[in-house]
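The structure appears right after this line, and notes come after that.
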Amino acid sequence: GIGAAAANLRPVAEIQFADYIFPAMDQIVNEASKYRYRSGGIWDVGGLTIRAPWGAVGKGGHYHSSAPEAFLTHAAGLKVVIPSSPREAKGLLLASIADPNPVVFFEPKRLYRLAEELVPQEAYMIPLGKARIARPGEDVTIVAWGQSVLTAEQAADALEERGVRCEIIDLRTLTPLDVPSLAQSVKKTGRLIVVHEAPKTSGFGAEIVASITEACWADLKAEPVRVCAWDVPGVPYALEDHYLPTVNRILRGVASIL
Amino acid sequence: HIVLYHRIIAMYTSATSIRAMACPRQRSSMRGEESSMRAQVAPLHQPRLSRTPVVIRSSKKVQASAQPASKGASASSASSAPKSTPKISAEEARELYRDMFLGREFEEMCAQMYYRGKMFGFVHLYSGQEAVSTGVIKACLKKHDFVSSTYRDHVHAISKGVSSKKVMAELFGKKTGVCRGQGGSMHMFDKEHGLLGGYAFIGEGIPVGVGAAFTSAYTRRVLGEEDHDAVAVNFFGDGTCNVGQFYESLNMASLYKLPVIFVVENNKWAIGMSHARATSTSSLADSEPWIYKKGEAFGMPGVHVDGMDVLKVREVAMEAVARARRGDGPTLIECETYRFRGHSLADPDELRDPKEKEHYASRDPIPRMKEYMLKNGLATEAEIKEIEKDVVAEVEDAVEFADESPKPDMSQLLENVFADPKGFGIGPDGQYRYMQPGFTSGTAAVS
C-alpha cells in the first residue's frame, strides 16, 4: 500500500482488526508518515488510506478488541479518523480517501450491528479536522469518539434528568486535533470530561486535556477528568464490561467536578 | 459463488488434482532409505492428496521412515501400515484413539455450548485435525516439552495434558479456567505442561517457541546440564507461512541448531483464502505451493505427511523429536489436514467445495484409527465403546464443572499487570489501587 501510494495509486488497505496493526507499525510509522517529510516533498504516501475495525464488542478477547489510536496519533504526518455512526462513517471515509495525506480510519465494531441510520445514497464528504457537536449543552463538555459517543449520550440522558446539560463533542478526527472547537465549548461550560476506550495512561485523552488546559486555563472551573479503560495490558475476556468506560463511571466523573 | 471459486482454484492448481479427489488415488511408492534420496517432485498431474512422507536429506544422516507399498486405492482405505506387525502397542493405540476422540467430542461440545450462549467471542474448532495434535503431542512429547499453538488451541492443550475441565471453564469465562477467565478461547496457557499459548495473531507464537527452544539448548550447551532435553513444538497453519516472523524463526532455529519442531497444519484454507491462491511455489521446478520445501531452503529437513493418519504423523514426529533431542536441530513438518468446520463458529463456511469436504470427511482420522485397531487386534469393539463412553462422560463432566464454577472477581481486572500480584501497586491514598471505592470485590456479572 505504501509503495503503491508513493507511485501514485490511491490504495485502501484493510487490516482485519485494529489490534493487528502492530506488525504493520514499522511500515506505517517509519515509512507512511515520514515519506513526504524525509524526501522534502518529492514523494508522498498521501493516497494511502488504512481502514481497520476497532474497539471492543462481544468479548472478542485481547486481540480483537483494542483501541490503539494513541500509538498512531503520536506519528506526525498521519491523520487518524474515527467515525461514530453510519452516516459519519461514509462521509469521513470518502474524505479520508480523497485526503492528500495518509489516513488511518478506525471503524468501531460495536456500531456494525448496533447502529442503524438513514445514509444518503450519493457520495458526500465530511471535512476532516473538524469536530462535531453531537449534543449542545451548558454545564459540562464531554469529548468522545467512536463508540464512546454512544456511551456519552447514554450518560447525558441520565444527567439530563438531574438537570445537568452536557455538551457532547464527537471528535471525528483525532489528528489533526480540532482545538478551536473544543476550546470554544470548554470556554462556555468550564468543565471537560474526555471519554475513550483505550487505557488512560498516555491515551489520546491526555493530549486533549493538555491542549485544552493550555488554551482555556482561565476558563476552567474544575480539573479536567478522563474516563477511560483501566491501565491493564489487554482486554480481558470475562471482565470486558468492567474494563471499558461505563455510563456509571462517566456519571461519577461528572459528579466529581460539578 | 462456489463454481467461480472452483474455476479460480483450477487455474492455480493442476486441474486434475481436484477431480482426482473423487478418483482412486495412485500412490508413489518409496524406495530404499539410507541411500541418498532426493525429494520426489510430484509430477504435474499427480494428485497431491496421496503423498506418502518424503524426507529431504540434511547433511546429518536422517533416518528415513520406511514406507510400505499402498494397499487399497480407495480413499477410505483404513491403514497404510503392514498388516502383519503393527508398529504400535495396544495400549498406546488405545491412548491415541482416546485422545483423538476426546478432541473431537470436546470441540463438538464447544459448538453446542457456543450456540447456547455459554461461551462468547471467537471460537475456532479443531474438528478434523485431531491426528496432528495426537500424533505429535500425545504420542511424542513429554510433560516438560513446550508447545506453542494458534487460536485453534483447545485440542493442543488437551493433548498436552491440560485438564479438559479447566479448558472448558476458560471458554466459559470462569475463575477456574486455565487463565482464570482472562484469555478465553484463543489464549490457553499452562505452566505445568509447558503450553506457551494460544495466540490470536498468526505466526505470533513461533518466535516464542524458538525462544523456549533456545533456553533448552542454552541450558544444555552453556550451563552444562547434559540431560536437559526439552524440545519446543510450534503449530501453525498454511497462511502463517507467508508471515515474516516464520522465516526469521526458521533461520534462527537452523543457525543455532535449536531443538524446535515446526509443524504446519496445512488445511488449505486461511479463513477464506485458499492456500493455492495465497502462496507461491517454493522451487522453480514446482507447480504446487509446497510448504515443506521451505525447510531445506533454511537448512533443515522438510517433511510432508498425511495429516489425516495419526500413525504416519506419529512416525514422522517421533523422528523429528528424536533429532531435536539429540541436538541435531530443527525440522519442518507439513501435515496435510483439513478442518471439517468453518474457520470459527462465526464463519458460515460457504467458500469450500462440498466435494473437497466430502473427500476429507472420508479420510476422518478417528474411524480410520478405529478400523486399524480392530483389524490388527489392538482393541475390540467393546473396548473401543468403553473408551468412547468414558470420553463422553469426561466432556460432560467438564461442562458441568465449567457451568458450576464462579465467574472471576472484579478485582482480578487489575491483577497481573506487573509482578506485584495485587494490581499496579499502591495508589496515591496509600491503598492498593484495586481497593479504591467503587471497585468492590464481587462477581463479574453484568448488571
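Fair warning: this is a prediction, and the values are worked out from it, not measured in the lab. A, B, ... follow the sequence lines: proteins, then strands. Residue 1 opens every chain.
Remark: Asp349(B) does not engage Arg341(B) in a salt bridge, criterion side-chain N to carboxylate O under 4.0 Å. Ion pair Lys59(A)/Glu240(A) not flagged as a salt bridge, since none of the NZ, NE, NH1 or NH2 atoms sits closer than 4.0 Å to an Asp/Glu carboxylate oxygen. A salt bridge is defined here as a Lys NZ or Arg NE, NH1 or NH2 lying under 4.0 Å from an Asp or Glu carboxylate O, and Asp139(A) with Arg191(A) fails to meet this definition. The pair Arg38(A)-Glu31(A) counts as a salt bridge, with a side-chain nitrogen and a carboxylate oxygen less than 4.0 angstrom apart.
Listed by sequence position, the residues of residues 149-162 of chain A in contact with chain B number zero, using a 4.5 angstrom heavy-atom cutoff. Residues of residues 179-190 of chain B having a heavy atom under 4.5 Å from any heavy atom of chain A, listed by number: Gly181(B), Gln182(B), Gly183(B), Gly184(B), Met186(B), His187(B). For residues 110-117 of chain B, heavy-atom neighbours of chain A at less than 4.5 Å comprise no residues at all.
With a threshold of 4.5 angstrom between heavy atoms, Ile271(B) approaches chain A through side-chain atoms but not through N, CA, C or O.
Proximity of a side-chain donor or acceptor of Arg152(B) to a complementary backbone N or O of Leu125(B) within less than 3.5 Å is detected. Judged by distance alone, the side chain of Asn267(B) and the main-chain N or O of Arg339(B) form no donor-acceptor pair under 3.5 Å. Using modelled atom types, no side-chain atom of Ser148(A) and backbone atom of Ala144(A) make a donor-acceptor pair closer than 3.5 Å.
Between Phe201(B) and Tyr20(A), the ring center distance clears the sub-6.0 Å criterion. Aromatic rings of His64(A) and Tyr237(A) (six-membered ring for Trp) have centroids beyond the 6.0 Å cut-off, not under it. Annotation: Phe17(A) is not in aromatic contact with Tyr63(A) [ring centroid separation under 6.0 Å not met].
A distance of 8.0 Å separates CZ of Arg277(B) from CH2 of Trp269(B), quoted to the nearest 0.5 Å.
No hydrogens or angles considered: nothing links the side chains of Glu197(A) and Tyr243(A) as a donor-acceptor pair under 3.5 Å.
The choice from Gly61(A), Ser65(A), Gly234(A), Pro233(A) that makes the most heavy-atom pairs within less than 4.5 Å of chain B is Pro233(A).
For Tyr35(A), there are no ring-ring contact (aromatic ring centres under 6.0 Å, His included) partners at least two apart in sequence or on another chain.
Between Trp145(A) and Phe204(A), the two ring planes are perpendicular [angle over 60°; tilted spans 30° to 60°].
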